[in-house]
Number of protein chains: 2
Amino acid sequence: MSIMQSLIEIQQKLLPDLLVVMKKRYLILRQVMLSDMIGRRTLAASLEITERVLRAETDFLKSQGLLQIEAGGMRITEEGKKLLDEMEPLYQQMFGLSDLEERIRTRYGLKQVVIVPGDSETSRHTKRELGLAGCAVLRKHMEKDDVVAITGGTTLAQMANQLTTQTPLKGNWFVPARGGLGESMDYQANTLASTMAKRTGAQYRLLHVPDHLGEEAYTTLMQEPNVREIVDVIRSARIVVHGIGDAMVMARRRRLDATFIEALQAEGAHAEAFGYYFDRTGTVVHRMPTIGLRLEDIMATEVVIAIAGGSSKGEAIAAIMQFGHDDVLVTDEAAALEIAALLDREAAISTT
Amino acid sequence: MSIMQSLIEIQQKLLPDLLVVMKKRYLILRQVMLSDMIGRRTLAASLEITERVLRAETDFLKSQGLLQIEAGGMRITEEGKKLLDEMEPLYQQMFGLSDLEERIRTRYGLKQVVIVPGDSETSRHTKRELGLAGCAVLRKHMEKDDVVAITGGTTLAQMANQLTTQTPLKGNWFVPARGGLGESMDYQANTLASTMAKRTGAQYRLLHVPDHLGEEAYTTLMQEPNVREIVDVIRSARIVVHGIGDAMVMARRRRLDATFIEALQAEGAHAEAFGYYFDRTGTVVHRMPTIGLRLEDIMATEVVIAIAGGSSKGEAIAAIMQFGHDDVLVTDEAAALEIAALLDREAAISTT
DNA sequence: TTAACAGGGACACAAAGCGTCCCGCCTGTT
DNA sequence: AACAGGCGGGACGCTTTGTGTCCCTGTTAA
């Protein structure tokens with residue numbers, strides 16, 4: 001990695017607040033240049049900041065000799081132009097990801113998007129960072145006595161194995177979002193719920209039933225008081241953390257039978273999340289009774305956090321975001337770029 | 001110049017206190033690491049900052065996962081260690097100069113030291129930067145209706161030719177600190193005073209008399225009302241900006257006669273500033289009546305700004321700083337390193 | 001000539017920053 | 001087992017800074 005990359009990364013760790021200011025000033029300067037000559041109020045409106053804070057910034061930029069203020073408005077100085085030129089190639093490195101975050105966030109109406117640099121499919125380090133970012137987001141949302149429902153998967157596992165806390169979360173509960181899914185033990189929701197709980201000093205409950213059930217088995221099991229009890233806890237979760245998978249990959253991993261997979265494919269299943277299959281538009285293509293979290297529970301959940309990365313996951317993530325009930329997306333650069341490409345295509349279509 | 005230097009320069013244009021904050025946080029983190037585990041108050045004392053601001057910083061560093069806070073105090077996290085490691089090789093490049101500034105500042109009891117990177121003897125660009133830095137310092141100190149006395153020399157000339165202002169300084173006066181010194185016209189104090197005044201929309205007065213005079217000529221001239229008048233203005237200067245020269249070089253440039261130069265050499269003259277010659281310890285080795293600013297005027301001046309650079313000037317600068325009546329020193333890296341070497345020698349001697 | 005819009009001044013109010021002290025708790029020592 | 005010292009965190013009063021919102025006067029272009 002280049003020296004400069006690492007300097008920027010250090011700065012992002014050590015002074016993220018200042019970089020925000022820097023971006024603001026850069027954008028103001030840029031806008032002034034593009035506008036040739038512009039007044040304070042007009043500029044404030046176009047940048048969507050109030051007159052007063054813009055004024056503070058332009059006063060500053062003036063004092064730095066980057067723009068000059070005349071009777072007819074302000075314009076950029078030679079020095080300011082030079083700075084913009086020099087900074088342009090650096091902009092992407094410094095703020096590229098945060099721009100991407102903002103773009104994805106607004107498109108899908110999310111509360112927050114976090115993008116870690118890299119591709120978690122090809123880099124173990126990125127995968128780890130993805131997990132850490134997920135932990136940070138979860139920690140931020142957890143409150144006293146919360147119930148957190150989580151799904152399985154490698155990304156969630158990565159997260160579980162790195163989750164830490166400063167103070168033990170005695171009153172919190174971790175529960176699996178759904179039952180057993182025939183996956184490897186390490187990535188089972190049950191396993192991860194217990195791992196997370198142990199690592200944070202929280203409590204956990206397990207759901208010892210298979211996820212996909214016939215109608216009859218479903219009703220029978222639901223009458224079991226101890227099953228019923230844990231299911232009620234799960235469905236009351238205030239926070240859900242889930243991974244996102246490619247529909248076909250997930251179906252195969254779960255060893256669903258061939259006819260079912262074919263049916264899914266025929267229906268255009270594209271993405272999988274919390275046990276449901278979605279097509280490109282975010283519509284559920286197949287629903288079945290489940291002991292665990294149902295769609296209606298997800299919709300009612302206060303905080304839904306999606307975490308998934310890797311360039312091949314881009315489309316699947318976009319599909320789930322279309323579904324529209326997530327609040328936070330944690331992903332990596334590779335997937336985010338894929339998503340952005342999809343947005344570009346959307347935009348191209350809508351203008352033709 | 002390295003890529004990184006230029007990035008930092010850009011950033012500093014947009015965010016002048018970026019490095020200050022960065023350094024502060026770096027030093028806190030570093031101190032925490034060195035102390036293994038340390039409490040807030042102890043740390044605040046050792047870093048010489050108040051408890052409250054340290055607390056704000058440690059809260060921040062904690063939120064960034066760079067240090068953790070426990071009952072027994074705080075300690076650095078793995079991530080924090082990693083950041084320190086990554087940052088260490090960059091430290092010199094980022095803060096080397098400001099450390100140097102601080103060292104020189106405290107040694108000579110100055111209010112401010114500014115060091116520009118490079119060597120102004122070998123690089124025109126550095127010389128230009130030196131001038132610009134001088135301009136910035138002067139601008140900062142200028143107030144309404146100030147009288148600014150300046151000397152001659154190439155460095156001052158560089159400064160004069162770059163001095164700019166945002167708003168015309170109508171009430172300010174630029175005056176030469178001393179009379180004509182037989183130098184080239186371009187570097188005469190008179191010339192520079194008028195240049196500065198013209199460039200900033202200020203006023204100026206000139207002193208059309210030779211600097212070195214016999215007793216008789218001195219008394220005669222001082223009785224001339226128009227001379228007397230401008231001399232009074234000069235001696236009332238609130239700000240003095242002066243260069244610093246090597247004693248022998250200056251003496252030759254001024255075409256002083258050989259016996260006088262020999263006398264100076266015998267007395268150990270080492271440095272020259274505002275027309276006086278100083279030995280290594282900052283003692284004036286030769287004084288003569290002058291029409292312009294006298295030593296006692298300098299001592300009484302509110303703001304005395306010295307500006308000089310180049311590795312060969314190091315010792316001369318140190319000598320003038322020993323004199324002890326400067327408030328601000330503007331120099332370059334080459335000279336500063338020479339000065340630092342002298343300080344090292346001082347320290348070595350005082351410990352033996 | 002006028003209408004629109006420019007920058008700068010002003011001001012009240014909110015928010016942030018800061019120094020300082022205290023308290024209950026943990027820890028290491030006696 | 002008791003204790004003392006030092007810890008983090010809470011609190012509070014004060015100052016400084018930031019901010020939204022006007023208004024005023026000058027410039028400009030229609």
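Source: prediction; values computed, not measured. All values below were derived from every heavy atom in this structure, side-chain atoms included, with hydrogens, water molecules and symmetry-related copies excluded. Chain letters run A, B, ... following the sequence lines, proteins first and then strands; every chain starts at 1.
More than 12 heavy atoms of other residues, nucleotides or ligands shown are found within 6.0 angstrom of CZ on B/R238.
Atom CZ in B/R40 sits roughly 12 Å away from atom C1' in C/dG19 (whole-Å rounding). Remark: P of C/dG8 and CD of A/Q68 are 12 Å apart, rounded to the nearest angstrom. A straight line from CG of B/D36 to C1' of C/dG28 spans 15 Å, rounded to a whole angstrom. For the pair A/D59 CG and C/dG7 C1', the interatomic distance rounds to 10 Å; values are reported in whole Å. A/R52 places its CZ atom 14 Å from the C1' atom of C/dA14, with the value rounded to the nearest Å. In this entry the distance linking CE of A/M37 with P of C/dA4 reads 21 Å, nearest Å. The CD1-C1' distance, from A/I49 to D/dT21, rounds to 16 Å in whole Å. Distance, A/R41 CZ to D/dC24 C1': 11 Å, rounded to whole Å.
Using a 4.0 Å cut-off between charged side-chain N and carboxylate O, A/K13 and B/E79 make a salt bridge.
Within the 4.0 angstrom heavy-atom criterion, only backbone atoms of the sugar-phosphate kind lie near A/I38; the bases stay farther away. Contacts of A/E51 with the nucleic acid, taken as non-hydrogen atoms under 4.0 Å apart, include base atoms. Using a 4.0 Å heavy-atom criterion, one finds that A/L54 contacts no nucleic acid atom at all.
Scanning atom types as modelled, no donor and acceptor separated by under 3.5 angstrom connect the side chain of A/R55 and the base of D/dG20.
B/R128 meets the salt bridge (Lys or Arg N to Asp or Glu O under 4.0 Å) test with no other residue; sequence neighbours excluded.
Residues A/Q11 and B/Q11 bring a donor and an acceptor atom of their side chains to less than 3.5 Å of each other.
The 5' end of DNA chain D is approached more closely, in terms of each residue's nearest nucleotide, by B/M74 than by the other of B/M74 and A/A71.
A close approach under 4.0 Å does occur between a side-chain nitrogen or oxygen of B/T42 and OP1 or OP2 of D/dC7.
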